[in-house]
Amino acid sequence: MCEAAEKDLYAVLGASPSDSTQQLKHRYQQLVLQYHPDRLGGVCPLEAESGLRTFLEVDAAWRILSDQTSRRQYDQQKRAQDLKQDWPVDSTVFLEDMIWNQDECVYTYCCRCGGGFSLSEEETQRRQQDDDEEETKEGQHRGVVVCCDTCSLSVYVTWSLQTKTQGLKCQ
């Protein structure tokens, strides 16, 4: 199942995750008829090999998606993988360009939507401690992706390894 998790099994069947098992079965049957090796006997060897590969992919996808337990497990793995993917970053912001908010103990930066990006001093210090523990080259920058509190934009907040947070104490 690990190898199959690399491919989108729904896309292999030309289906979507919301399709019923009956709909998936219908797509499977159509594709099996189209790519079955017995039907590809008269084509050139290269096309036959490609058709066989497609047939095997379709069959493997159907084996997983036809069983409710394995389909649920596949959907959970796919969802977990989707959640681990990096956010698309709109721009890069230097920590020094962010505004320090003493009342909330966060660095803030305005988003073009009118919302804002917030990075707590605690998070910044923790990331900087991680940077200190790792071997890094002089002049290198580190950072973190921060999402807007209103829209879907995100920025990469970065700082030089020599830069330390302002050390402002929060009450």
Side-chain angles (χ1 to χ4, degrees), residues 1-95 97 109 111-119 123 126-127 130-131 133-161:
M1 186 135 141
C2 292
E3 186 178 313
E6 293 175 16
K7 280 194 177 237
D8 182 358
L9 300 182
Y10 293 103
V12 169
L13 293 178
S16 74
S18 62
D19 287 353
S20 69
T21 305
Q22 283 301 98
Q23 291 169 315
L24 293 176
K25 183 177 183 179
H26 180 70
R27 287 294 303 144
Y28 166 73
Q29 289 171 338
Q30 287 177 327
L31 293 169
V32 164
L33 285 174
Q34 182 179 351
Y35 293 105
H36 196 278
D38 292 343
R39 290 204 158 208
L40 300 174
V43 297
C44 76
L46 201 56
E47 285 182 41
E49 187 178 324
S50 173
L52 178 61
R53 258 185 269 130
T54 302
F55 174 79
L56 293 173
E57 285 178 1
V58 166
D59 190 53
W62 173 245
R63 284 186 188 166
I64 292 171
L65 297 178
S66 64
D67 177 61
Q68 288 299 328
T69 304
S70 62
R71 181 177 180 179
R72 191 176 313 111
Q73 186 179 19
Y74 170 76
D75 289 343
Q76 288 172 346
Q77 288 176 352
K78 187 84 169 134
R79 178 75 177 136
Q81 181 183 5
D82 290 346
L83 291 173
K84 287 181 183 177
Q85 291 181 343
D86 292 335
W87 290 88
V89 176
D90 184 57
S91 63
T92 300
V93 175
F94 289 97
L95 183 65
D97 295 333
Y109 189 80
C111 180
R112 65 181 182 213
C113 75
F117 303 97
S118 300
L119 182 62
E123 174 71 8
R126 186 166 51 79
R127 295 290 179 137
D130 292 345
D131 293 343
E133 291 171 7
E134 293 179 20
E135 287 191 29
T136 52
K137 296 177 183 170
E138 184 115 1
Q140 205 174 17
H141 288 78
R142 290 300 196 109
V144 62
V145 175
V146 180
C147 298
C148 176
D149 58 11
T150 305
C151 70
S152 62
L153 293 177
S154 60
V155 295
Y156 182 69
V157 178
T158 185
W159 54 84
S160 171
L161 291 180

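In this structure, Glu49 pairs ionically with Arg53, as a charged nitrogen and a carboxylate oxygen lie closer than 4.0 Å. Using a 4.0 Å cut-off between charged side-chain N and carboxylate O, Arg27 and Asp19 make no salt bridge.
The distance from the CG atom of Leu24 to the CD atom of Gln29 is 11.0 Å, given to the nearest 0.5 Å. The structure places SG of Cys111 at 4.5 Å from CG of Leu153, a figure rounded to the nearest 0.5 Å. Rounded to the nearest 0.5 Å, atoms CD (Gln73) and CG (Asp67) are 9.5 Å apart. Residue Leu31 holds its CG atom at 11.5 Å from CG of Asp59, rounded to the nearest 0.5 Å.
By the neighbour-count criterion of 12 heavy atoms within 6.0 Å, atom CG of Leu33 is densely surrounded, having more than that number from other residues, nucleotides or ligands. Heavy-atom neighbours of Tyr10 OH from other residues, nucleotides or ligands within 6.0 Å: above the threshold of 12.
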**Asked** Checking salt bridge (Lys or Arg N to Asp or Glu O under 4.0 Å) for the pair Arg79/Asp75: CA distance, chi angles, key distance, verdict?
**Response** CA-CA 6 Å; Arg79 178 75 177 136; Asp75 289 343; over 6 Å; no
**Message:** Between Val58 and Tyr28, is the side chain to side chain contact (heavy atoms under 4.5 Å, CB included) condition met? List the steps.
**Reply:** CA-CA 7 Å; Val58 166; Tyr28 166 73; 3.6 Å; yes
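Ring orientation note: the planes of Phe55 and His36 are nearly perpendicular, at an angle over 60° on the 30°/60° scale.
Closest heavy-atom contact between Leu13 and Ala61: CG-CB, 4.1 Å.
A distance-only check finds a donor-acceptor pair linking the side chain of Tyr74 to the backbone of Leu9 [under 3.5 Å]. In terms of modelled atom types and a separation under 3.5 Å, the side chain of Ser50 and the main chain of Leu46 share no donor-acceptor contact. Judged by distance alone, with hydrogens and angles left aside, the side-chain atoms of Ser154 form no donor-acceptor pair with the main-chain N or O of Cys147 at under 3.5 Å.
Side chains of His26 and Gln22: a donor-acceptor N/O pair is absent below 3.5 angstrom, by distance only. When only modelled atom types and interatomic distance are considered, Gln68 and Thr21 share a side-chain donor-acceptor pair under 3.5 Å.
Using a 4.5 Å heavy-atom threshold, the side chains of Phe94 and Thr158 count as touching.
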